[in-house]
Engineer: 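Here it is, the structure in full.
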Amino acid sequence: MRRSRLRAVLSAAGFEVDRDFPHLRGDTTVSDEPFLTLGRLRPVVVEDLLVLLY
């Protein structure tokens, strides 16, 4: 999932992406595999994210 798509999905789920995920970034590994880094998250954001995942 691309960073822009993830931002859109998180926003649609009610997150304020710039505030709740200030360190969100996309990268690639040395073998050119894409991955996303969420960075440090406040506990309330983690709880809300867990509710969304489960």
Side-chain angles (χ1 to χ4, degrees):
M1 181 180 288
R2 294 179 186 246
R3 181 176 178 251
S4 59
R5 184 171 173 206
L6 179 61
R7 288 178 62 85
V9 169
L10 290 170
S11 180
F15 290 99
E16 290 186 38
V17 178
D18 291 331
R19 183 196 70 193
D20 295 333
F21 300 91
H23 304 288
L24 179 68
R25 66 181 183 144
D27 256 324
T28 57
T29 64
V30 293
S31 59
D32 208 31
E33 294 292 323
F35 71 94
L36 293 164
T37 300
L38 297 179
R40 296 174 66 179
L41 303 174
R42 294 178 295 125
V44 68
V45 173
V46 173
E47 290 174 10
D48 291 344
L49 191 56
L50 287 173
V51 167
L52 184 66
L53 292 172
Y54 289 101

Engineer: Are Leu50 and Val17 linked, directly or through other ILVMFWY residues, by side chains that come within less than 4.5 angstrom of each other?
Structural biologist: yes
Engineer: Is it true that, when you exclude Arg40 itself, more than 12 heavy atoms of the residues, nucleotides or ligands shown sit nearer than 6.0 Å to its CZ?
Structural biologist: no
Engineer: Enter the distance from Leu24:CG to Thr37:OG1 here, rounded to the nearest 0.5 Å.
Structural biologist: 8.5 Å
Engineer: For the CZ atom of Phe21 and the CZ atom of Arg42, what is their distance to the nearest 0.5 Å?
Structural biologist: 9.5 Å
Engineer: Starting from the C-alpha separation in whole Å, work towards a yes-or-no answer on side chain to side chain contact (heavy atoms under 4.5 Å, CB included) for Leu52 and Phe15.
Structural biologist: CA-CA 11 Å; Leu52 184 66; Phe15 290 99; 4.0 Å; yes
Engineer: After noting the C-alpha distance and the side-chain angles of Leu49 and Leu10, does the key distance pass the side chain to side chain contact (heavy atoms under 4.5 Å, CB included) rule?
Structural biologist: CA-CA 9 Å; Leu49 191 56; Leu10 290 170; 4.2 Å; yes
Engineer: May I ask you to test the Asp48-Asp20 pair for a side-chain heavy-atom distance under 4.5 Å?
Structural biologist: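 Side-chain contact under 4.5 Å: no.
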Engineer: Would you compute the distance between atom CG of Leu36 and atom CZ of Arg25 and round it to the nearest 0.5 angstrom?
Structural biologist: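 It is 10.0 Å, given to the nearest 0.5 Å.
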Engineer: I'd like to know if Val30 and Phe35 are part of one continuous hydrophobic network [Ile/Leu/Val/Met/Phe/Trp/Tyr, side-chain heavy atoms within less than 4.5 Å].
Structural biologist: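 Phe35 and Val30: separate clusters.
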